[in-house]
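Before any comments, here is the structure.
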Amino acid sequence: MKQQYRGLTTEEVAVSRSAHGTNVLTPPKHEPVWRKFLRKFSDPLIVILLIAGALSVGISFYEYFVLREGLRVFFEPVGIFMAILLATGLAFIFEYKADKEFSILNQVDDEEPVVVLRDGQWHRIPKCDVVVGDIVKVETGAEIPADGQLLESRSLLVDESTLTGEPVAEKEVVGGRGDVYPSWLLLRGTKVVEGYGVMRVQKVGDATENGKVFTAAQIDDSVKTPLNEQLERLGLLISRISYAIAALVIVGRIANELITEPYEWVHFIAYVLQTIMIAVTLIVVAVPEGLPMAVTLSLAYSMRRMLKANNLVRKMHACETMGAATVICTDKTGTLTQNRMTVAEMWISEEQGARSEEQEENLRSLLYENIAVNSTAELSGDEALGNPTEVALLRWLQEQGEDYKELRRQATIIEQVPFSTERKYMSTTLALPSFLRPDGAQPLRRSILPPRVYIKGAPEIVLAQCTLTPEQEKEVKEKLDEWQSRAMRTLAFACEGTLLAIVAISDPVREDVPAAVRECQRAGIRVVIVTGDTMGTAQEVARQCGVAPSSEQLEGASIASMTDEELRERARDIVIVARARPMDKKRLVEALKARGEVVAVTGDGTNDAPALHAAHVGLSMGDGTAVAKEASDITIIDNSFASIGRAVMWGRSLYKNIQRFLFFQLVVNISALIIALVGAVLGTELPLTVTQILWINIIMDTFAAMALSTLPPSRIVMKEPPRKPTDSIVSRN
C-alpha cells in the first residue's frame, strides 16, 4: 500500500461530521396504525356515507325528541355507520396483513466494517462513521460505503446495477465520462466485483446518489387511482340525482297539499318541515351503502388470490389500477433479463476440421485450461464472486463437465497480468508438468515444458497476436460482426499465437418474457424499456422481447436536457430509453401521467425506486433491493414478467365485478327513489319506509356484493383495450 495519503485527524473527523452530517440514510417515516385507519375514511363514497349518516342522525333526533317516536328511529343511522365501519375495517385489515406479509423494510447495514485511514493509520470502523474527506480502501467483494473520488486502482470493476442496471463498470483514476457516471466516481451501495482501489469520500448519507434516490422514493405524490377518480364522479352524479329527486318530492308534496287541503299556516309549515325531512331521508337512501363494501370485498378478494399468482399486493387499490394501465415502463436487467451473464455462443477453433483429431482435442483442452486459470472468479454452488463475464465462462466450463478448480490445482502460475481498460486483455503464464502441446505434437508426460502464455480479451487485441488462414479470418469476422450487432459482449482466447476460440456473452432474456410482452400488447398496453445499459443492448433486448422499435429511442442525457413540456410531447412514442439515471425514469413516468396515461413501472434496483413510487402502480421484483420493494405497490414474488399480465387480468376482471354490482345496486336505489317520488306526487305517505329501504340496501346488497365481487377472472378481458380514466364507471349502456 502506498503511503502518500495522510487521512483525517480525530479533530478533522469531528469538524467534517458537523459540516456534512453522518453516513446514514434518513429512514422513511412510517405512518402510525391509527392514522392509516383514519385514512380509509377519505374514500369518496365513504365521505358521502358519512354525510348521509350525519343527516340521518339529525333526522332521528328530530323524530325522537320532537315527534316523540320510539328508539327504532335510530336504526337507520346505526345501519349506515355499521356499513361504514365494515367497509373501512375490511380495507384496513387486509392492507395491514399485506404489510405484515411483506415484512421487507429498508434496513441499511450501518455497522458494516470499512477500512479507512485516520491519523496516519489504517483502521476498521463502522460504515456509519465514515465522513467526508476520509480515505477508504475497497477490495473485491466490498460494498462501497459512500460517494467519492478514486485515487488509486488496480483492475477495478464495480457492479453498479443497483443504480444504473450496469453489472460491470470499469473504474480508473484518470478517466472522464463513464457509461452513466464518471469512471473515477465510486458510488455508495455499489459493489466491487474485481480489483482494488483507494478513494476519497466526497459525499455521505442522504447527499450520495444512493441517498438521493432513496429520498426521492419517499416523496408522497398522492397518486389518485383511476377507480378513485371514477368513484368521485359517481358520488357527485348520485348526489346531484338525489338532490333533484328530493327537490321534486318537495315540490310534488307541497303542490299536492295546496291543491287538496284547506290552507292553514300552522298545518302548512308542519307539512313543509315533514316534507323536507322526507327529502333529506331520500338523499340518504339514494347513497349506495353496499358499494364501499362491494369495492372493498372485490379488492380484498383479488388481493388474496393475486398472492397465489405470485403478486404480493401491499396497497389494495393497486389491484384494480393494474387493470387500467395503458403503459408499462420496465427495467431491463433482472426484469426482462435474468441478470446473470451467460455464454450465448462459442466458436471453437477445432470445429474448422482442418486439424487432426488429436490436435483438436489438445486445442479444446487448452481452451478449458485458459478459461480456468486465466481468471480470478470463483464459484460456490449458485453463489459467485468476481467479474460476471468470468463467472459466465466458469459456469460454461462446468456445463462441459470440467472442474475448473482441478485445472487450477494442476497449474503453476509464473505470472498473471490482470485485465485493464488500456490493455483490454488478461494474460497468465504457466509452468507445469503438461500433457498438452499447442502444435499437436506427441504429449510429453511429466516433463516441464517452456512457459506457456494464455491470453483472453478484446477480439481485436487477441486476433492481432494470432496466425489465421484467410478462411478463418473471414469466418471469425462474420461471427464477431453478427454478435456485436446483437449487442453481445465478445471475447477471444489464444495460446502462443494459436486462436482457441471466440465467445459471445449476454444477459439472456427470461424465457417467459416475449409471450408476456405480446399479451400486454394485445391488451392495448404499450411496453417501454428503460435501462442504464447501452442503446445497442437495449435495442437487442427489445428485439428479443418483441417490443417494436420507433423513432423515439432516447438516451438519459437527452431526457435530462429536455423541458417538462418537450418530454411530455415526445413521451407519446418513446419505446426505449438507454443510459437512464434514476431521475430520468421518474421524469418519464411523470410526463406520461401528464398525458393522461395510467402508468405501471417495474424494476428491481435502487435506481428504479423513484419511478416505482411516482407511478400509478409500482411493481418490484421478489429478489430486488429493499429500497425498490419499499417504494412499490406490488411485489412480483417469482420475478416473472408474465405475473404482470396476470395482474392486469385480475384488475380488469375486478373492475367488471364492481360494474356488475353497481348495476344491481343502482337498480334497487333508483327503483326506491321513483316509488318515493310517485308516492309524493300522488299525495300518499312513503310506500316504503326508510327503514325498509335501508334494510334492503345493507342486508341484501351486502350478500349480493359478496357474490358479484368475487366472480373469478376471465382472460376475455385481455382482448379489450384499456378503459379510459375519463370514462364513467356507469357506462351509457
Side-chain angles (χ1 to χ4, degrees), residues 139-141 155 157 159 167-168 191-196 338-351 359-420 424-438 443 445-446 448-449 451-459 462 488-496 498-508:
E139 298 177 299
T140 301
S155 305
L157 299 178
D159 178 358
V168 181
K191 193 170 184 178
V192 178
V193 295
E194 185 178 301
Y196 161 91
Q338 298 175 15
N339 196 18
R340 174 169 164 162
M341 301 304 290
T342 304
V343 174
E345 295 186 43
M346 176 84 75
W347 181 95
I348 302 176
S349 184
E350 69 177 62
E351 294 171 352
Q359 286 177 317
E360 289 180 1
E361 184 180 349
N362 277 345
L363 285 169
R364 180 173 276 268
S365 298
L366 286 168
L367 172 63
Y368 293 164
E369 193 171 57
N370 190 337
I371 292 173
V373 302
N374 196 22
S375 170
T376 58
E378 293 286 350
L379 298 180
S380 178
D382 291 334
E383 298 295 320
L385 181 65
N387 186 318
T389 300
E390 292 188 346
V391 168
L393 290 166
L394 292 184
R395 285 184 173 134
W396 179 85
L397 198 59
Q398 285 184 333
E399 291 170 3
Q400 311 310 306
E402 295 292 327
D403 184 351
Y404 80 92
K405 292 182 179 178
E406 179 61 23
L407 291 173
R408 286 182 183 177
R409 189 187 64 78
Q410 294 176 2
T412 303
I413 297 177
I414 299 174
E415 182 185 14
Q416 195 167 67
V417 179
F419 180 89
S420 73
K424 294 186 179 179
Y425 72 87
M426 176 180 182
S427 67
T428 300
T429 304
L430 300 186
L432 74 164
S434 178
F435 300 89
L436 310 169
R437 297 185 68 171
R445 297 186 178 276
R446 298 301 177 190
I448 300 297
L449 296 176
R452 183 162 62 248
V453 180
Y454 286 120
I455 182 173
K456 75 169 182 202
V462 176
M488 293 183 177
R489 294 177 182 171
T490 54
L491 285 175
F493 299 84
C495 177
E496 299 178 9
T498 302
L499 178 65
L500 302 177
I502 56 174
V503 63
I505 295 177
S506 66
D507 182 5

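Contact between Leu499 and Phe493 at its shortest, heavy atoms only, is CD1-O, 3.4 Å. Minimum interatomic distance between Leu367 and Met346 (heavy atoms only, all atoms of both residues): CD2-SD, 4.5 Å. Of all heavy-atom pairs spanning Tyr454 and Asn374, the tightest one is O-ND2, 3.8 Å. Closest approach of Ala344 to Met488, counting heavy atoms only: CB-CE, 3.9 Å. Between Ala501 and Ile348, the closest heavy-atom pair is CB-CA, 4.0 Å.
Atoms CG and OH, from Leu397 and Tyr368 in turn, are 7.0 Å apart once rounded to the nearest 0.5 Å. With rounding to the nearest 0.5 angstrom, the OG atom of Ser427 is 6.5 Å from the CD atom of Glu415. Here the OG atom belonging to Ser375 is positioned 12.0 Å from the CG atom belonging to Leu407, to the nearest 0.5 angstrom. Trp347 CH2 to Thr490 OG1: the interatomic distance, rounded to the nearest 0.5 Å, is 13.5 Å. Taken from CG in Asp159 to CG in Asn387, the straight-line distance is 10.5 Å, to the nearest 0.5 Å.
Side-chain contact between Glu390 and Thr376: present, with at least one pair of heavy atoms (C-beta onward) separated by less than 4.5 Å. Under the 4.5 Å side-chain criterion, counting only non-hydrogen atoms from C-beta, Asn370 is in contact with Leu500. Looking at heavy atoms from C-beta onward, Leu491 lies in side-chain contact with Leu393 at the 4.5 angstrom threshold. A heavy-atom distance below 4.5 Å is found between the side chains of Thr428 and Ile413. Side-chain contact check for Pro508 versus Arg340: every heavy-atom pair is 4.5 Å or farther apart. With contacts defined as side-chain heavy-atom distances shorter than 4.5 Å, the pair Ile414/Leu430 does not qualify. Looking at heavy atoms from C-beta onward, Arg395 lies out of side-chain contact with Thr342 at the 4.5 angstrom threshold. By the 4.5 Å heavy-atom criterion applied to side chains, Lys456 and Val462 are not counted as neighbours.
Partner of Glu369 under the salt bridge (Lys or Arg N to Asp or Glu O under 4.0 Å) criterion, chosen from Arg408, Arg409, Arg452, Arg364: Arg452. Each of Val373, Ile371, Leu379 was scored for a side-chain contact (heavy atoms from CB on, under 4.5 Å) with Tyr404, with one residue passing: Leu379.
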Begin with the C-alpha distance, continue with both residues' side-chain angles, and end with the deciding distance and a verdict on side chain to side chain donor-acceptor pair (under 3.5 Å) for Gln410 and Glu406. CA-CA 6 Å; Gln410 294 176 2; Glu406 179 61 23; 3.2 Å; yes
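Between the side chain of Asp507 and the main chain of Gln338, a donor-acceptor pair closer than 3.5 Å is present. Of the possible donor and acceptor atoms, none in the side chain of Gln398 sits under 3.5 Å from a partner among the backbone N and O of Leu394.
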